[in-house]
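Side chains included, hydrogens not; waters and symmetry mates left out as well; all remaining heavy atoms used.
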Amino acid sequence: MNLKYFGLLGALLLVNLAYAQNFKGKIVSEIKNEGLSGAHIQVKGGSPTYTDSQGNFELQINESGQLLKVSFMGFETKELLVYPSSETTIISLKESPIPIQGVLVTGQFKDDPVLTMETYDYVKKIVQPRNVADLFQDINGFSLIKRGNYAIDPSFRASQYEQLNVQFDGGTKVMHACPNRMDPITTHVNPEEIEKIEIIKGPYTVRYGATFGGIVNMVTQKPLDGEYGLSGHVNAGYESNGNSMVSSAQVQQANSKYDIRGTFGFRDFGNYKDGDGTEIPSSFRSLEYGARAGYNFSGNQRLQANWRQSYGRDVLHAGLPMDTDEDNSSMLSLDYRLAGLQGLVKNITAKAYYSYVDHVMSNTKRPTFMMTEAISEIDATTAGGKLELKLAPNDKLSIYSGLDFLNIARDGFRTRLVKRNMMGPLPSPMEFVDKVWQDSYINDLGIFVETKYPLSPKTLWTSGIRFDNVTSEIKDPADDFLALYPDLEKRTEHNISATTSIKYATSTEFIMEVAYGRGVRSANMIERVINHFTVGQDPYEYIGNPNLKAEVNNQFEIGFKGRIALSDVNSTRFNYSTSFYYSLYENYIVPVIDKSLTRKYMPANEPVNPKVFQNLDESYKTGFEVMAGFDFWNGFTFNTEMAYVYAKNKDLNESLPLVPPLMSRFKLGYEAEKFWANANYTITSRQENIAPSFGEQVTPGYEVMDVRLGVNLIKNVSLGVAVLNLFDVTYNNHLNFAFNNQANFSRTPINDPGRNFSAFMQYKF
């Protein structure tokens, strides 16, 4: 890159402009009427300036008037003629996210937490998501943990499960019922409902619940001002590999006072084949539907209700010992927002939600069924809420303060009918009932305060602190679990999390962020109460530990992003971003083999000794994500991305488990008004940095090419086709589970799909 651009960036970082003022203005968003901090104001023939944390600015204007150009990333640029005035002029901007290869990058300097991104353009992906987790597979820094086609969990920077705070619409949660995570949160919402995904890359905010490795907030679609009347869309998709079908529909009626929306989705996926033609048992059927109703008492006050139900049937899990017969979930949430108040309190937001998951699994189609017939009927409830106030003691300081509550309760039993043993068939089958969750619950009451203060018109300081009171109880412990932990009783933990960060924006073209976060996570229910169940990627039985200390992530990060115009006559520009991070862990929770204990079920099987969850004294993680690319020739883009994680378990002198390998992506695309095309080439390196104690194996590297084409055939009709894994490569992701209790398969990692032809059509009305 030409050194003059680095010189320009250096100058921008060091110079702050100051000048006389005879014009006062405030930049606000058109929809929410909230001030936009960091908006760029350019006076024709003069020097630029930027708005403060409330969206205010002051500058010098000629008496004859001057042309003002206002721009802010994610909003339409506006030009207007202004004159000197003693009154504050309000200038509103209309939101207009910037599409870049199917990724929406927007942001609000004042309100967005440190290091965020928003993403998803479903139409242009031209691939049928099995569940919401599939939406993450092309996001830099993310990997997928797959047990088959249905039970998929996202992993970000080698943080997964409850280490990631995964939620919908700013706080709604659904916790899985199955101890093997056959039904993670990503299976309980129709992927076509998701408008964007907000990612906070670490424990850099305290406002959205206890956070250890980051926050993933999946935002469902909401009507915009002006989208009134009857509208909706119908989607249909097909994949050749597995003969899979997807259909969904959405209809909405809206006006300025109210909006009502209904959604529907159906999926029928067959067993897919890998690049060698081996069929992977992974079929499933799922049905989702829901309704949302919102009422606007005024332009600044809204009440909204959401209701969803989802059903999974006949789900095959290649990497788990059992299959899902039924998976049923229901969710209800209420959201309230009052904004634009006068005085100390500016905004009030409130949320309440409840979910129930009913899960049935069995081994009817597995080899072990000949010896032992097993069926588990379990359920989980999740309930919670949040109340937050935005306070503004003065024109600069913003304070977000409130409390939130989360309750997770699970219970259920596994019934085993032993029909034969090592000696042969039993004359009379023996029935046993195992306590899966031992009737347990975890409550988390959190209180938080987070402040945002502009140190200068271009520098924003954020700091926050959070206190969590966590109570847990095992109300119906199994006898052997009680013998292992004789002092078992209700437990209370007190956790303190904190964060501080500085965001420096020289302009809309460059922003730099430095952050520290202390994230604290109490042990989840699997880690506390599981009792001799195989819940990992290996064949070991696992035993929970109700006395685990909360694990702590001390994470440091520096990142920047920006763009440089390379031409004065067209839109050619260079885009770049990077994040470097280091996490020092305290009390990291891992399962460790305990040779003093023996296997409980099928005692003759190896391995004999179970694993018990324990705290590590010393472990750490470090890594980076980088992106660089060009926009050129009025519609072409080329981007390259890279993500790497290195983790170390010093206690066992090995890697922490579930660490993805180095991954590089190269994306070439073209987009016009009625046509788009892109090619994605992904290189995944060999992963030798493994955790043998977790049952991990070295994973060879692989390269995959995906090609997508799309066209707007006629008004409101879009058609897309794709070839995924173009070269029919046989490969498996390092985080994939191994085949488990499957006929004709050994315990080898599950391969991903081979070549796959995909088609997608959408009609909007």
Those residues that, when tested against T88, pass side chain to side chain donor-acceptor pair (under 3.5 Å) (two or more places apart): none
Got a sec, which residues hit side chain to side chain donor-acceptor pair (under 3.5 Å) with Y150, two or more places apart in sequence or on another chain? D327
Are the side chain of [X] and the backbone N or O of [Y] linked by a donor-acceptor pair below 3.5 Å?
| X | Y | result |
| --- | --- | --- |
| R755 | L726 | yes |
| T172 | D169 | no |
| N255 | Y258 | yes |
| D706 | N725 | yes |
| D183 | A177 | yes |

Partner residues of [X] under the ring pair (Phe, Tyr, Trp, His ring centres under 6.0 Å) criterion, sequence neighbours left out:
| X | answer |
| --- | --- |
| F632 | F636 |
| F168 | none |
| F297 | Y295 |
| F142 | F136, F156 |

Regarding [X] and [Y], do their side chains bring together a donor and an acceptor under 3.5 Å, going by distance alone?
| X | Y | value |
| --- | --- | --- |
| S155 | Q160 | yes |
| E450 | T462 | no |
| S248 | Q250 | no |

Whether R207 engages the ring of Y400 as a cation-pi pair (distance to the six-membered ring centre under 6.0 angstrom, angle to the ring normal within 45°) should be assessed. yes
With a 4.5 Å heavy-atom cut-off, do [X] and [Y] have their side chains touching?
| X | Y | value |
| --- | --- | --- |
| S758 | V721 | no |
| V174 | V357 | yes |
| F284 | L316 | no |
| S398 | K390 | yes |
| Y272 | P753 | yes |
| D259 | R261 | no |
| L93 | V28 | no |
| I215 | T205 | yes |

Tightest non-hydrogen contact, residues N241 and N756, listed as N-OD1, 3.1 Å
Looking at [atom1] of [X] and [atom2] of [Y], how far apart are the two atoms once the value is rounded to the nearest 0.5 Å?
| X | Y | atom1 | atom2 | value |
| --- | --- | --- | --- | --- |
| I152 | L135 | CD1 | CG | 10.0 Å |
| Q252 | I260 | CD | CD1 | 10.0 Å |
| M331 | Y353 | CE | OH | 12.0 Å |
| T381 | D358 | OG1 | CG | 12.0 Å |

Mind checking what makes side-chain contact (heavy atoms from CB on, under 4.5 Å) contact with [X], not counting sequence neighbours?
| X | result |
| --- | --- |
| N217 | Q167, E198, V219 |
| K674 | N712 |
| L387 | I348, A350 |
| Y311 | L287, Y289, Q309, R313, N328 |

Lys/Arg N to Asp/Glu carboxylate O, R267 vs E288, below 4.0 Å: yes
Salt bridge or not for R285 and D268, using N-O below 4.0 Å? no
Pairs flagged by salt bridge (Lys or Arg N to Asp or Glu O under 4.0 Å) wherever residues 140-150 is involved - sequence neighbours left out: K146-D752, R147-D153
So does W633 have more than 12 non-hydrogen atoms from other groups sitting under 6.0 Å from CH2? no
Do the ring centers of F630 and F638 come within less than 6.0 Å of each other? no
Test D631 against R563 for side chain to side chain contact (heavy atoms under 4.5 Å, CB included), laying out the working first. CA-CA 10 Å; D631 299 342; R563 58 193 183 191; over 6 Å; no
Sole candidate of R302, Q301, Q304 that passes side chain to side chain donor-acceptor pair (under 3.5 Å) when paired with Y336: Q301
Residue among H176, H188, H359 satisfying side chain to side chain donor-acceptor pair (under 3.5 Å) with S329: H188
Worked verdict on K386 versus Y208 for side chain to side chain contact (heavy atoms under 4.5 Å, CB included): CA-CA 9 Å; K386 176 182 177 181; Y208 304 101; 3.6 Å; yes
Go through the steps to decide whether N140 and E625 satisfy the test side-chain hydrogen bond (donor to acceptor under 3.5 Å, both in side chains), and finish with yes or no. CA-CA 7 Å; N140 202 26; E625 295 104 33; 5.8 Å; no
Check salt bridge (Lys or Arg N to Asp or Glu O under 4.0 Å) between K173 and all other residues, then give those that pass, not counting sequence neighbours. none
Give the intermediate values and the outcome of side chain to side chain contact (heavy atoms under 4.5 Å, CB included) for residues M175 and I185. CA-CA 6 Å; M175 303 306 292; I185 184 174; 5.9 Å; no
Begin with the C-alpha distance, continue with both residues' side-chain angles, and end with the deciding distance and a verdict on salt bridge (Lys or Arg N to Asp or Glu O under 4.0 Å) for E641 and K667. CA-CA 8 Å; E641 300 173 343; K667 303 178 179 180; 3.5 Å; yes
As a quick check of understanding, evaluate side chain to side chain contact (heavy atoms under 4.5 Å, CB included) for N347 and R337, giving each step before the final call. CA-CA 7 Å; N347 296 346; R337 176 179 174 84; 3.5 Å; yes
